[in-house]
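Here the structure comes first, spelled out in C-alpha cells, and everything after it is commentary.
Because only heavy atoms are used, hydrogens play no part in the values below, and waters and symmetry mates are left out as well, while side chains stay in.
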2 protein chains.
Amino acid sequence: MPRERAARKSKQMLNAAQRLFARSGYAAVSMDDIAKTAGVSKATLYAHFDSKEKLFAEIIEIESPHVEERVPIPEVFEGDAEGVLRNFARGLASFFADGRGLEIYRLFVTDLHRFPDLVRRFHAAGPMALRARLSRLLAQMAERGGLSIDDPDLAADHLTSLIQGRLPFDRAIGLPPPDAAAIDRHVESALRLFLRGYARASRGGEP
Amino acid sequence: MPRERAARKSKQMLNAAQRLFARSGYAAVSMDDIAKTAGVSKATLYAHFDSKEKLFAEIIEIESPHVEERVPIPEVFEGDAEGVLRNFARGLASFFADGRGLEIYRLFVTDLHRFPDLVRRFHAAGPMALRARLSRLLAQMAERGGLSIDDPDLAADHLTSLIQGRLPFDRAIGLPPPDAAAIDRHVESALRLFLRGYARASRGGEP
DNA sequence: GTCTATATGAGGATAGAC
DNA sequence: GTCTATCCTCATATAGAC
C-alpha cells in the first residue's frame, strides 16, 4: 500500500517541520533536521516538497487558520458581557503566555515577511478574522448592553492591544512566562480599563 | 597612525554590522557581508571581534539604550497632560511605523533570546527605563491633573500597549506602513480611551 | 517512493605574508 | 592590523539504485 504509506510519511514530515520551525525559526532548521525528526531520508523529503521554502509555506498555510480558533469568541452574545470578554481575554493572554503562542509569534515576526502571498492569506484568516468576530460581539454588546461603541473594529483592536500588551515581546526576547496570578491581574486590569473607557457616558462624548 | 585607523575601521565594521543585522537578522547576515560592507577583509573583522556572536552582542549593547531615547517623555510634567501624552504617543507610534523601529523590533524578537545576559541588560535599559519615565510622568499627572491613577506602572503599560497595538507585528510580517493620517487616528483613539478610562471618577471605583 | 551517497555552494573561522 | 588565500563544516539539493 504505497499510497497510504506516502500519505502517512507526508504527515510525519509536515509534523516534524511544524514543530521544528515553530521552535527555532526558518533559518535555524535544516532539511536534515526535518528529515531526521520525521524518520525519513532527505531525498524522500524532497520528493514530497520541492524546496525548503515550499515546505515552510505549507506549514504556514496549515497554521494560519488555527490561530483564530485558539481564542474563544462566541458568535452570538447573550447576557454577561464582562464574562464573555473575560473569557476571550484569558484565552488570548494564555495563548501568548504559554510556549505555543510564543513560537507562532516569533515564527511570523521573523520569517513570514519573506512570503508576501502568505502574508495576505494569513492576515485575512488570522488577525482580521479574529477581529471581525470580536467586533461583531462588541457591536452586539453596544446594542444590548451598557457599552458605548462607535467603531467596533477599533474597540476590538483596543481590547486586543490591552490584553496582548508586552506579553509576546517579552516572551520572545526570552523572559520567563508570567504565572497564572500575574496573567489574571493583567487581564483584570485591562478589562477594567476597557469597560470603563467604553462605558456608556453619564455625560460627555464618546471615547 | 595605526591607532586612529584601527578605531575608524572598528566603527566602520560596527556600522555595517548594525545596518545589516537590523535589516536581515542575525542568521541571514554573513561575516563576509559585514566585511564587504565595511570595506575590510574578513580577517580584519575577526581581529576586532572574536566571533559573530560577540559582534552581535556589541551591536545590541549599543542599540539598547537608544531605544528609550527615541520617544519623548519629559522628566517633569507641567501643564497640558493630554498634550504631553499625545507627544509621547506620536513618537512611539512613528517609531514602530517607520522602518527603524520595525528593524529593531524584529531583531530583538528573532535573535535576542539567544543571549540571556543581553536580555537582562536590554530589558532594564530599554522597556523598563521607558516605562519608569512614563510612570513617573503619569504619577505627577494623577497628583496635579485630572487623572485617577492607582498604579502608575500599570497605567504606563496600558498606554504603551494601546499605542503599540498591532503596529510592530503588522510591520514585521510585511504589511505596508500606515500613512500619517492613519497613525494620527490611531493615536487619537488610543488617547481618548486611555484618558476616559483613567479619568477621575464622577462616581464609581478606580479602573 | 524511498533509500544511500554525493555534488555544490555558502559561511564561520584561521594561517601566514606584509 | 591588515590583507589574500584557504580550511572545514554544514546545508540545500540531486543522482542513481532498489
Checklist entry - Is the closest basic N to carboxylate O distance between B:D98 and B:R171 below 4.0 Å? => result no
Checklist entry - Atom CD of B:Q12 and atom C1' of D:dT2: how far apart are they, to the nearest Å? => result 13 Å
Checklist entry - Looking only at side chains, do B:D157 and B:T160 share a donor and an acceptor under 3.5 Å apart? => result no
Checklist entry - According to a strict under-4.0 Å criterion, is B:K54 in side-chain N/O contact with OP1 or OP2 of C:dG12? => result no
Next on the checklist: Working note: A:F169 + B:Y105, criterion ring-ring contact (aromatic ring centres under 6.0 Å, His included); need CA distance, chi angles, decisive distance, verdict.
Outcome noted: CA-CA 9 Å; A:F169 182 80; B:Y105 190 85; 5.2 Å; yes
Checklist outcome for this item: So, with a heavy-atom separation below 4.0 Å from DNA chain C, the residues of residues 39-50 of chain A are A:V40, A:S41, A:A43, A:T44, A:A47, A:H48
Checklist entry - Between C:dA13 atom C1' and B:I34 atom CD1, what is the distance in whole Å? => result 13 Å
Checklist entry - Counting distance only, does the side-chain N/O of B:K52 pair as donor-acceptor with the main-chain N or O of B:V29 below 3.5 Å? => result yes
Checklist outcome for this item: Nearest heavy-atom contact between A:M128 and A:A124 is CB-O, 3.7 Å
Checklist entry - Quick one: do A:E188 and A:R192 make a salt bridge, cutoff under 4.0 Å? => result no
Checklist outcome for this item: Ranking D:dT2, D:dA13, C:dC3 by distance to the side chain of A:K52, first place goes to D:dA13
Checklist entry - Taking only residues two or more places apart in sequence, or in another chain, which ones meet A:H113 in a side-chain contact (heavy atoms from CB on, under 4.5 Å)? => result B:R106
Checklist entry - What are the residues of residues 16-32 of chain A, sorted by number, that bring a heavy atom to within less than 4.0 Å of DNA chain D? => result A:V29, A:S30, A:M31, A:D32
Checklist entry - Got a donor-acceptor contact below 3.5 angstrom from the B:D111 side chain to the B:Y26 backbone? => result yes
